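This is a predicted model, so every value here is computed, not measured.
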Amino acid sequence: MAAICVFCASSTTLEQRWLDLAEQTGRAIAGRGHTLVSGGGCVGMMGAVVDGARAGGGRTLGIIPQRLMDLEVADLASDELVVTADMSSRKNLMVERSDAFITLPGGLGTLDELFEVWTTATLAVHRKPMVLLDPDGFYDGLWTWLGSLVDNKFVRPAALEMILIARTVPEAVDQIEAALAA
């Protein structure tokens with residue numbers, strides 16, 4: 001089974017639908033026998049995804065920087081909680097310890113994680129599947145803009161093709177499993 005990293009928001013002011021999506025994602029990952037790798041937090045969508053994985057009987061690995069640990073937002077119930085020196089170390093370890101990535105709707109931190117893992121994939125640092133889970137067009141504007149970067153020759157078409165788009169949680173996990181099996 002795979003270690004699937006989920007990038008998502010940790011905001012505590014989100015609409016319930018986003019928390020539900022995160023919980024369903026964690027539950028689906030666990031239900032298929034995979035390990036959930038998260039940013040190690042216990043709030044917002046990050047908290048919901050780990051709660052879903054645990055509710056589904058799954059194993060969780062949280063990776064959190066010391067600064068966030070000090071703010072007492074760590075998922076202390078993780079099967080394994082790794083504390084890093086800083087955010088950069090956290091991202092590097094998340095990439096290292098994961099076999100695949102699912103990005104849920106989120107803000108700047110989520111986009112930072114998505115672009116980090118995507119950029120390293122374009123540089124052939126890894127060949128791990130990446131899925132953008134976008135059930136209701138949250139990322140449509142971003143995707144349109146990224147397409148314009150291809151049109152203007154700032155990004156190669158192959159880079160966009162590295163990201164798989166899913167509209168449902170089961171589709172996202174299916175795409176990860178198919179890519180890992182290929």
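Under the 3.5 Å distance criterion, the side-chain polar atoms of Asp99 are matched with a main-chain donor or acceptor of Ala3. Under the 3.5 Å distance criterion, the side-chain polar atoms of Arg90 are matched with a main-chain donor or acceptor of Ile63. Judged by distance alone, with hydrogens and angles left aside, the side-chain atoms of Glu80 form no donor-acceptor pair with the main-chain N or O of Gly62 at under 3.5 Å. A donor-acceptor pair under 3.5 Å links the side-chain atoms of Thr122 to the main chain of Thr119, judged by distance alone. Between the side chain of Lys128 and the main chain of Ser98, a donor-acceptor pair closer than 3.5 Å is present. Between the side chain of His34 and the main chain of Ala2, a donor-acceptor pair closer than 3.5 Å is present.
In this structure, the ring of Trp143 has its center no less than 6.0 angstrom from the ring center of Phe138.
Remark: Arg67 CZ is loosely packed, at most 12 non-hydrogen atoms of other residues, nucleotides or ligands lying under 6.0 Å away. Around CG of Leu123, the count of heavy atoms belonging to other residues, nucleotides or ligands within 6.0 Å exceeds 12. Arg167 CZ: more than 12 foreign heavy atoms inside a 6.0 Å radius.
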Val6/Val37 under side-chain contact (heavy atoms from CB on, under 4.5 Å): CA gap, chis, key distance, verdict: CA-CA 6 Å; Val6 174; Val37 178; over 6 Å; no
Worked verdict on Met87 versus Glu113 for side-chain contact (heavy atoms from CB on, under 4.5 Å): CA-CA 10 Å; Met87 295 293 276; Glu113 292 164 335; 5.5 Å; no
Working for side-chain hydrogen bond (donor to acceptor under 3.5 Å, both in side chains), residues Gln24 and Asp20: CA-CA 6 Å; Gln24 293 163 11; Asp20 293 344; 5.5 Å; no
Stepwise side-chain contact (heavy atoms from CB on, under 4.5 Å) test for Asp174 and Arg32: CA-CA 10 Å; Asp174 287 347; Arg32 304 266 189 110; 2.8 Å; yes
side-chain contact (heavy atoms from CB on, under 4.5 Å) assessment of Met45 paired with Leu104: CA-CA 9 Å; Met45 291 173 75; Leu104 302 179; 3.8 Å; yes
Verdict with supporting geometry, Asp136 and Arg17, salt bridge (Lys or Arg N to Asp or Glu O under 4.0 Å): CA-CA 11 Å; Asp136 65 355; Arg17 68 185 174 129; 2.6 Å; yes
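The minimum heavy-atom distance between Thr84 and Asp86, with the atom names listed, is OG1-O, 3.0 Å. Nearest heavy-atom pair, Gly106 versus Ala9, reported as atom, atom and distance to 0.1 Å: CA-CB, 4.0 Å. Residues Val173 and Ile102 come closest through the heavy atom pair CG2-CD1, 4.4 Å. What you find for Pro105 and Trp18 is that their closest heavy atoms are CG-CZ3, 3.4 Å. Nearest heavy-atom pair, Trp118 versus Ala159, reported as atom, atom and distance to 0.1 Å: NE1-O, 2.9 Å. Residues Val150 and Pro157 approach most closely at CG1-CG, 3.8 Å, considering heavy atoms.
To the nearest 0.5 angstrom, Cys5 atom SG is 3.5 Å from Met94 atom CE. Taking CD1 from Ile165 and CE from Met130, the interatomic distance works out to 10.5 Å, rounded to the nearest 0.5 Å. Rounding to the nearest 0.5 Å gives a distance of 10.0 Å between CG of Leu133 and CD1 of Ile176. Going from atom CG of Leu14 over to atom OG1 of Thr12 covers 7.5 Å, rounded to the nearest 0.5 Å. The CG atom of Leu61 sits 8.5 Å away from the CG atom of Leu36 when rounded to the nearest 0.5 Å. Here the straight-line distance linking atom CG of Asp75 with atom CE of Met69 works out to 10.0 Å at 0.5 Å rounding.
Checked against Tyr139 for a side-chain contact (heavy atoms from CB on, under 4.5 Å), the options Thr144, Leu146, Asp134 give a single hit: Asp134.
In this structure, the side chains of Val73 and Met46 stay at 4.5 Å or more apart for every pair of heavy atoms. Within the 4.5 Å cutoff, side-chain heavy atoms of Thr103 are placed close to those of Thr110. Residues Arg54 and Thr60 meet the side-chain proximity criterion, which asks for heavy atoms closer than 4.5 Å. The closest side-chain heavy-atom distance from Val49 to Glu23 is not below 4.5 Å. Two residues are said to be in side-chain contact when any heavy atoms from C-beta on lie closer than 4.5 Å; Leu81 and Leu76 meet this criterion.
Ring geometry for Phe101 against His126 counts as tilted: the plane angle lies between 30° and 60°, on a 0 to 90° scale.
Under the 4.5 Å side-chain heavy-atom criterion for grouping Ile, Leu, Val, Met, Phe, Trp and Tyr, Ile163 is connected to Leu160 within one hydrophobic cluster. Under the 4.5 Å side-chain heavy-atom criterion for grouping Ile, Leu, Val, Met, Phe, Trp and Tyr, Leu114 is connected to Val155 within one hydrophobic cluster. Hydrophobic clustering keeps Leu21 apart from Val43 (ILVMFWY residues linked when any side-chain heavy atoms are closer than 4.5 Å, directly or through intermediates). Taken together through direct or relayed side-chain contacts under 4.5 Å among Ile, Leu, Val, Met, Phe, Trp and Tyr, Leu108 and Val117 form parts of separate hydrophobic clusters. Under the 4.5 Å side-chain contact rule for hydrophobic residues, Leu93 and Phe7 share a cluster.
Side-chain polar atoms of Ser148 and Asp151 form no donor-acceptor pair below 3.5 angstrom. Inspection of the Asn92 and Glu96 side chains reveals no N or O donor paired with an N or O acceptor under 3.5 Å.
Using a 4.0 Å cut-off between a side-chain N of Lys or Arg and a carboxylate O of Asp or Glu, Asp112 and Lys91 qualify as a salt bridge.
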